[in-house]
2 protein chains.
Amino acid sequence: MSASTTTGLIDMETLERVAPVIRLTAHPLRLRIIDYLRREGGPRCVTDIGEALGSDQSVTSQQLRILRDQGVLGARRDGCHMFYNITDPSVLLLLDCIREHHCCRSSDGPTAARSAAQTAH
Amino acid sequence: MSASTTTGLIDMETLERVAPVIRLTAHPLRLRIIDYLRREGGPRCVTDIGEALGSDQSVTSQQLRILRDQGVLGARRDGCHMFYNITDPSVLLLLDCIREHHCCRSSDGPTAARSAAQTAH
DNA sequence: TGATCATATAGCGATCTAGAGATATACTGG
DNA sequence: CCAGTATATCTCTAGATCGCTATATGATCA
């Protein structure tokens, strides 16, 4: 596997490529868009998404573009409408993680985790 | 589960709390630090980490602080040394995802994914 | 062709982030 | 206390991101 060098670590090249994708995806509204599309189970247009999530058309479109640029979403035009759908299923793992774990820690809160680490000094 | 409202979606409050943690973790060097600590299997000090990863002391310390603030890492002082370890195992899921999947898509590249979505219009 | 709906983009100011260098703090041993 | 080592923090500049408003593009229908 090209992701790991002889050191057993994921190489920087891979991390530098992947990190921005995760970073850009880890945005409240964008995560919500993905979650919404997942629940709907199929493509939805900008207006639907915006209305369902209570976000402005312009903002919604911007976020969708960002997600599409990252390859997370795909888009298909149908007349006046642009339908977006999830093209990268692996991003759902993030949502699962958030849902189950209340994600990536934070179940007890970062603050608690940190102060615990400090007192344990 | 408090993460989901009656809509079945993860609520914004949760996303707004969790997103920054993921976003801050999704940084090449920080991911590498976590990966390094995982491989080592135990606490390591700043110098070790910096040398292993070829990053400046100042930068290394800064990244470690960020990760500690997020509750991803914990720290323990032993004399002159500060030993860091992974306190939030859920962050390892991210690494696993990257390792296996070459992560979160990108195996074929975002560009390919996007143009594919476009041509499939 | 003109009106209208749906979507995309440009520009703006505010905020955040990255990394580098210099410096400060903290601990150890003499 | 002093010198040396290890770590943390401050400061600064450049660049990225955020959400907003206004506007542009593109498609449909009368």
Side-chain angles (χ1 to χ4, degrees), chain A residues 12 15-33 36-37 43-70 72-85 110 114-115 117-118 121, chain B residues 12 15-34 36-37 43-70 72-85 110 114 117-118 121:
Chain A
M12 272 311 252
L15 293 177
E16 280 169 3
R17 183 166 38 81
V18 163
V21 180
I22 302 176
R23 198 185 325 157
L24 284 178
T25 304
H27 174 286
L29 182 53
R30 294 200 274 272
L31 286 171
R32 196 131 218 263
I33 289 174
Y36 170 73
L37 289 175
R44 284 295 177 273
C45 72
V46 182
T47 315
D48 287 348
I49 298 173
E51 281 179 3
L53 274 44
S55 59
D56 190 63
Q57 180 273 321
S58 165
V59 173
T60 310
S61 180
Q62 277 178 13
Q63 311 303 335
L64 288 170
R65 174 146 176 38
I66 292 172
L67 289 173
R68 205 178 72 167
D69 282 349
Q70 300 304 316
V72 174
L73 300 184
R76 162 178 60 85
R77 161 148 259 143
D78 182 8
C80 262
H81 300 267
M82 200 71 168
F83 287 92
Y84 287 86
N85 66 312
R114 190 190 178 187
S115 56
Q118 282 178 327
H121 97 119
Chain B
M12 272 312 251
L15 294 176
E16 280 168 4
R17 184 165 37 81
V18 162
V21 180
I22 302 176
R23 200 184 323 156
L24 284 177
T25 304
H27 173 286
L29 182 52
R30 295 201 273 273
L31 286 172
R32 196 129 218 264
I33 288 175
I34 297 168
Y36 170 74
L37 289 175
R44 283 295 176 275
C45 72
V46 182
T47 316
D48 286 348
I49 298 172
E51 281 179 3
L53 273 46
S55 58
D56 189 63
Q57 181 272 323
S58 167
V59 173
T60 309
S61 180
Q62 277 178 14
Q63 311 302 336
L64 288 169
R65 174 147 175 37
I66 292 172
L67 289 173
R68 205 178 72 168
D69 282 350
Q70 300 302 317
V72 175
L73 301 184
R76 161 179 60 86
R77 161 147 260 143
D78 183 8
C80 261
H81 300 267
M82 199 72 168
F83 286 92
Y84 287 87
N85 65 312
R114 189 191 178 186
Q118 284 179 326
H121 99 117

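Chain identifiers are assigned alphabetically (A, B, ...) following the order of the sequence lines, protein sequences preceding nucleic acid strands; residue numbering begins at 1 within each chain. In this text, all values refer to a predicted model and were calculated from it rather than measured experimentally.
- For the pair B/Tyr84 and D/dA6, the criterion of a side-chain N or O lying under 4.0 Å from OP1 or OP2 is not met.
- The distance from atom CG of A/Leu64 to atom C1' of C/dT7 is 10 Å, rounded to the nearest whole Å.
- Whole-Å rounding puts the B/Leu67 CG to D/dT7 C1' distance at 16 Å.
- Taking each heavy atom of B/Pro20 and B/Arg17 in turn, the nearest pair found is CD-O, 3.4 Å.
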Under 3.5 Å, which N/O atoms of the protein pair with N/O atoms of nucleotides 16-21 of chain C?
residue : atom : partner : partner atom : Å
C/dA18  : OP1  : B/Arg30 : NH2          : 2.9
C/dG19  : OP2  : B/His27 : NE2          : 2.8
C/dA20  : N6   : B/Gln62 : NE2          : 3.1
C/dG21  : O6   : B/Ser58 : OG           : 3.0

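- The minimum heavy-atom distance linking B/Pro28 with A/Arg23 is given by the pair CD-NH2, 4.1 Å.
- Checked against side chain to side chain contact (heavy atoms under 4.5 Å, CB included), B/Ala52 has the following partners two or more places apart in sequence or in another chain: B/Tyr36.
- Atom CZ of B/Arg65 and atom C1' of D/dT7 are 12 Å apart (whole Å).
- Near-neighbour residues of DNA chain D inside residues 45-52 of chain B, defined by a heavy atom below 4.0 Å, number-ordered: B/Cys45, B/Val46, B/Thr47.
- Applying the side chain to side chain contact (heavy atoms under 4.5 Å, CB included) test to B/Pro43 and every residue at least two apart in sequence or in another chain returns B/Arg76, B/Phe83, B/Asn85.
- The two residues B/Met82 and B/Ala75 come nearest to each other via the heavy atoms CE-CB, 3.9 Å.
- Residues A/Ala19 and B/Leu31 come closest through the heavy atom pair CB-CD1, 4.2 Å.
- Residues A/Thr25 and B/Ile22 are not in side-chain contact: their nearest non-hydrogen atoms beyond the backbone lie 4.5 Å or more apart.
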In residues 53-62 of chain B, what donor-acceptor pairs under 3.5 Å come from side-chain atoms, sequence neighbours left out?
residue : atom : partner : partner atom : Å
B/Ser55 : OG   : B/Thr60 : OG1          : 2.7
B/Asp56 : OD2  : B/Ser58 : N            : 3.2
B/Thr60 : OG1  : B/Ser55 : O            : 3.3
B/Thr60 : OG1  : B/Asp56 : O            : 2.6

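- Note that the OG1 atom of B/Thr47 and the NE2 atom of B/His81 stand 6.5 Å from one another [nearest 0.5 Å].
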Dump the pairs, protein N or O against N or O of nucleotides 25-30 of chain D, anything under 3.5 Å, distances to one decimal.
none

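- To the nearest angstrom, P of C/dC27 lies 10 Å from CE of B/Met82.
- One N or O donor and one acceptor, one from the side chain of B/Gln57 and one from the base of D/dA8, sit under 3.5 Å apart.
- With rounding to whole Å, B/His81 atom NE2 is found 8 Å from D/dT5 atom C1'.
- Here the side chain of A/Arg30 pairs no donor or acceptor atom with the backbone of A/Gln63 at under 3.5 angstrom.
- Side-chain contact between B/Glu51 and B/Cys45 is absent, with no heavy atoms from C-beta onward closer than 4.5 Å.
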